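One structure is given here, and the rest of the page talks about it.
This is a predicted model, so every value here is computed, not measured.
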Amino acid sequence: MHLFAPDGFSKREPGARQILRVPKTPIGIHEPWAADGHDKLNKIGFPIWALVDDATGKWLGAWIVPNNRDPNIVSYCFLETVLKYKGYRLRVREVRERETTVDWERGRRAERQDIYTDGSMTDGGVASAAVWMKRGEEKMRRTLRIGETDEHTVYEAELMGITLAMEIAQEHRFKGKIHIGLDNQAVLTTIKTRSPKFAQKMWEDLGRLIKTYLKRDPTNEVEFRWTPGHEGFEGNERADGAARGAAEEERRMGGEEEEEEEGWEDGRMVPISRAATRQRLMKEIGEKRRDMWKNSTRYDRMQGFDDTMPSKIFGRLTKSLRRKQASVIFQLRTGHVQLAKHLYTMGKEESPMCKGCGRRPETVYHYIMECERYETARRRHFAYMGRNQRTMTRLLKEEKLLPKLFSYINDTKRLKRLFGTFDTG
């Protein structure tokens with residue numbers, strides 16, 4: 001092979017090319033599998049496709065095939081391996097449209113090892129619950145209040161609910177397939193992709209529980225599925241009620257004596273969430289920013305244009321504009337534009353009076369709405385709005401009116417020396 005395909009073997013040398021390495025976090029044996037094609041010997045008729053178990057590194061199968069990119073061939077090899085090892089031991093059912101999923105769930109047969117989980121955030125705190133439904137009847141439930149709303153997220157509560165479900169399975173010596181239903185698609189996606197971005201410690205704890213269960217018996221399996229909430233599914237409703245009750249009741253029962261031990265139960269510690277901490281800090285910053293803005297001397301002036309400030313509305317309004325267009329809108333809103341009134345305030349003009357009509361100070365309002373010198377341009381570009389609807393607030397606030405405003409500014413030539421001509425397309 002070295003003689004007939006030297007190029008292919010040279011590409012296999014260490015350092016021949018940079019390969020993107022991604023850390024893997026397998027939950028257990030046969031979870032997940034890694035598959036790939038080997039193209040370097042294609043020239044001499046040896047396209048290869050192989051499967052490896054991520055957890056153990058064991059080769060599950062390798063085939064010399066006519067084409068390792070043909071989906072039919074790859075599917076056949078994969079399914080052969082699935083049959084050989086008697087199925088995929090941890091799986092997430094495909095998430096489909098809500099209506100389709102609801103119909104499927106209603107027609108589904110109740111199993112012996114059905115567990116429904118949920119997480120809840122109320123004013124009382126953040127809590128999780130898992131309810132074991134045996135053939136449609138509640139066998140037992142487990143709840144845990146994990147902390148306060150400013151320290152934890154619903155995502156963590158949903159994740160803890162699955163952990164509680166696996167603890168039920170371990171304690172009651174479940175055997176075979178466990179069916180876990182939850183209504184949080186974000187958690188399901190993370191289970192499927194194996195790339196948690198939040199609550200890594202909780203994911204590690206859950207991974208150990210699943211791995212222990214899968215190792216205990218070769219016939220053990222875990223299946224996760226999406227069960228849409230508030231659709232009348234008995235297990236879901238019970239889990240939802242249990243989680244809400246835990247958030248409120250455990251807080252009331254805890255009192256001051258248990259306040260210092262928040263987050264601990266049976267030796268368990270739920271770390272304060274980085275995401276929740278960030279949300280809390282951003283909320284505090286937002287509130288402080290709004291208070292500072294309300295005390296600003298510019299607050300009353302800007303309320304007429306945007307009563308949501310400080311917000312992202314101005315950014316969205318000017319996102320598609322050129323830089324000078326966004327700049328002139330900002331200057332007209334604040335009044336800090338090169339008109340006589342502002343220049344006089346800065347000591348750059350001898351008089352604040354309008355040079356066009358000479359009757360009033362040249363403010364932004366006077367320039368856009370009053371000055372007789374620009375009446376022809378005003379009628380040409382703003383007449384369609386009607387006298388009652390023609391307001392400076394609308395002209396500086398509504399995106400659909402900005403082209404007309406820029407056309408008016410071009411026509412008057414009042415700001416041409418500073419900004420040039422505006423694009424009105």
Side-chain angles (χ1 to χ4, degrees), residues 1-96 162 166 176-180 185-197 200 203-204 206-226:
M1 290 186 181
H2 281 277
L3 180 63
F4 291 103
D7 293 340
F9 278 94
S10 66
K11 291 177 181 178
R12 296 181 68 252
E13 293 297 324
R17 68 187 181 94
Q18 191 67 31
I19 300 175
L20 178 62
R21 304 292 183 183
V22 179
K24 295 183 177 181
T25 55
I27 293 177
I29 298 172
H30 295 304
E31 179 23 55
W33 290 347
D36 198 8
H38 185 81
D39 300 326
K40 298 176 180 64
L41 301 179
N42 284 5
K43 289 184 179 180
I44 59 174
F46 287 95
I48 298 172
W49 193 81
L51 270 170
V52 178
D53 176 36
D54 259 4
T56 62
K58 177 184 176 182
W59 284 78
L60 305 177
W63 299 263
I64 296 174
V65 294
N67 184 344
N68 60 12
R69 296 178 183 273
D70 187 321
N72 294 319
I73 294 175
V74 169
S75 298
Y76 175 82
C77 295
F78 173 77
L79 292 174
E80 279 286 309
T81 310
V82 171
L83 289 173
K84 177 181 176 182
Y85 289 95
K86 299 180 180 179
Y88 204 49
R89 302 180 63 199
L90 188 146
R91 64 186 296 242
V92 177
R93 288 195 64 87
E94 181 182 356
V95 176
R96 301 181 179 179
I162 302 175
M166 292 307 303
K177 181 183 285 190
I178 303 173
H179 304 267
I180 298 179
Q185 293 193 36
V187 173
L188 285 172
T189 300
T190 306
I191 294 173
K192 196 170 184 178
T193 61
R194 310 294 182 271
S195 55
K197 296 181 180 178
Q200 278 83 355
W203 278 109
E204 291 172 4
L206 174 60
R208 281 192 289 270
L209 286 170
I210 294 176
K211 187 182 297 186
T212 300
Y213 182 75
L214 295 178
K215 280 184 175 181
R216 194 166 66 196
D217 192 290
T219 64
N220 286 354
E221 300 176 37
V222 181
E223 179 185 84
F224 295 95
R225 72 183 189 283
W226 178 46

Atom pair [atom1]/[atom2] of [X] and [Y] - distance to nearest 0.5 Å:
{"X": "Ile64", "Y": "Leu41", "atom1": "CD1", "atom2": "CG", "answer": "8.5 Å"}
{"X": "Lys192", "Y": "Gln185", "atom1": "NZ", "atom2": "CD", "answer": "10.5 Å"}
{"X": "Glu223", "Y": "Arg91", "atom1": "CD", "atom2": "CZ", "answer": "5.0 Å"}
{"X": "Leu188", "Y": "Ile180", "atom1": "CG", "atom2": "CD1", "answer": "10.0 Å"}
{"X": "Leu206", "Y": "Thr190", "atom1": "CG", "atom2": "OG1", "answer": "11.0 Å"}
{"X": "Phe78", "Y": "Leu60", "atom1": "CZ", "atom2": "CG", "answer": "10.0 Å"}

For Asn72 and Asp70, work out which heavy atoms get closest and say how close. N-OD1, 2.9 Å

Closest approach of Ala35 and Leu51, non-hydrogen atoms and distance? CB-CD2, 3.4 Å

Pair Ile73, Trp49 - check side-chain contact (heavy atoms from CB on, under 4.5 Å), show working. CA-CA 9 Å; Ile73 294 175; Trp49 193 81; over 6 Å; no

Do [X] and [Y] make a side-chain contact, defined as non-hydrogen atoms from C-beta onward lying under 4.5 Å apart?
{"X": "Arg96", "Y": "Glu94", "answer": "yes"}
{"X": "Val82", "Y": "Trp33", "answer": "yes"}
{"X": "Tyr76", "Y": "Val65", "answer": "no"}
{"X": "Val187", "Y": "Phe224", "answer": "no"}
{"X": "Val74", "Y": "Trp63", "answer": "no"}
{"X": "Tyr213", "Y": "Leu90", "answer": "no"}
{"X": "Ile178", "Y": "Met166", "answer": "yes"}

Any donor and acceptor pair, going by atom type alone, linking the side chain of Asp217 with main-chain N or O of Gly176 inside 3.5 Å? no

So for atom CZ, which belongs to Arg69, do other residues, nucleotides or ligands contribute more than 12 heavy atoms lying within a distance under 6.0 Å? no

